[in-house]
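Labels below follow one simple rule: chain letters A, B, ... track the order of the sequence lines, proteins then strands, and each chain is numbered from 1. No hydrogens, no waters, no symmetry mates; every other heavy atom, side chains included, goes into these values.
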Amino acid sequence: AQSVTQLDSQVPVFEEAPVELRCNYSSSVSVYLFWYVQYPNQGLQLLLKYLSGSTLVKGINGFEAEFNKSQTSFHLRKPSVHISDTAEYFCAVRVRSGSARQLTFGSGTQLTVLP
Amino acid sequence: DVKVTQSSRYLVKRTGEKVFLECVQDMDHENMFWYRQDPGLGLRLIYFSYDVKMKEKGDIPEGYSVSREKKERFSLILESASTNQTSMYLCASSFGGGANTGELFFGEGSRLTVL
């Protein structure tokens with residue numbers, strides 16, 4: 001079975017600074033990878049996804065992530081954050097041959113952008 | 001846009017009460033999910049349904065049941081609510097079969113407090 005580790009539970013950063021949220025996964029087979037964002041008192045929405053092809057994936061709101069197969073990582077980055085990026089971010093993984101119910105979420109990283 | 005609607009955003013119930021959480025999606029998705037979200041634990045799958053009247057247990061089904069009588073509607077039932085079921089409950093839906101890549105569409109969540 002696959003698993004996901006989000007290495008930081010809390011990341012405080014000043015406005016306009018760059019940020020990286022780290023995600024590592026374990027799986028012996030090919031995977032799909034996702035980042036979801038949850039704003040306060042809301043459900044999750046998809047930020048970006050890696051299915052195949054280019055390892056650098058661009059998402060909404062200026063975020064991007066890079067799939068690194070050798071390091072089994074899928075870190076999320078943004079070059080300059082805004083106050084409105086304050087939210088909880090979840091990394092998720094599913095094996096390609098698996099069923100829909102086999103999507104595994106990390107424990108989340110709370111990003112707090114400070115003025 | 002896909003819309004997943006959860007009927008109640010906030011509920012307060014007493015121990016032993018029967019609780020119904022309703023979820024409706026408007027994208028004709030085959031798959032529907034109920035997750036529970038707790039701080040530091042990420043999202044944990046309670047139940048999954050891949051078709052009308054079809055369901056599979058997730059990782060934490062104890063104390064819960066589900067009903068899917070129509071394709072667009074998926075209900076979560078707590079037969080006898082307990083205080084340890086105080087949590088945020090998230091409904092999600094996705095395409096089924098070959099169209100499924102693991103991307104989920106979430107509702108805004110139902111925050112349940114059991115006193």
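- If you measure heavy-atom distances from B:Leu41 to chain A, the contacts under 4.5 Å come from the backbone alone.
- When heavy atoms are compared at a cutoff of 4.5 Å, B:Arg9 approaches chain A solely by way of its side chain, counted from C-beta outward.
- Scanning both residues, A:Ser107 and B:Gly40, for their nearest heavy atoms gives CB-O, 3.5 Å.
- Between the CD atom of B:Gln37 and the CZ atom of A:Phe105 there is a distance of 9.5 Å, given to the nearest 0.5 Å.
- Looking at B:Tyr10, only its side chain comes within 4.5 Å of chain A, counting heavy atoms on both sides.
- Only the side chain of B:Phe48 comes within less than 4.5 Å of a heavy atom in chain A; its backbone stays farther off.
- A:Leu103 is not connected to B:Met27 by any chain of hydrophobic side-chain contacts under 4.5 Å among Ile, Leu, Val, Met, Phe, Trp and Tyr, and they are in different clusters.
- Hydrophobic clustering, with ILVMFWY side chains joined whenever heavy atoms are under 4.5 angstrom apart, groups B:Leu11 together with B:Tyr64.
- For B:Glu103, the parts lying under 4.5 angstrom from a heavy atom of chain A are both the backbone and the side chain.
- Following chains of ILVMFWY side-chain contacts shorter than 4.5 Å, one can reach A:Val4 starting from A:Trp35, so the two form part of one hydrophobic cluster.
- Environment of CD in A:Gln45: crowded, with over 12 heavy atoms of neighbouring residues, nucleotides or ligands closer than 6.0 Å.
- Of the two parts of A:Gln110, neither the backbone nor the side chain holds a non-hydrogen atom closer than 4.5 Å to a non-hydrogen atom of chain B.
- Contact of the B:Leu104 side chain with the A:Tyr36 side chain is registered, since non-hydrogen atoms from C-beta on lie closer than 4.5 Å.
- Both A:Ile60 and A:Val19 belong to a common hydrophobic cluster when Ile, Leu, Val, Met, Phe, Trp and Tyr are linked at side-chain heavy-atom distances under 4.5 angstrom.
- With a 4.5 angstrom heavy-atom cutoff, A:Leu46 touches chain B only via side-chain atoms.
- In this structure, B:Phe95 is not a member of the same hydrophobic cluster as B:Val52, with clusters built from ILVMFWY side-chain heavy atoms closer than 4.5 Å.
- For A:Gln102, no part lies near chain B; criterion is any non-hydrogen pair under 4.5 Å.
- B:Tyr35 touches chain A through its side chain: at least one heavy atom from C-beta onward sits under 4.5 Å away, while N, CA, C and O do not.
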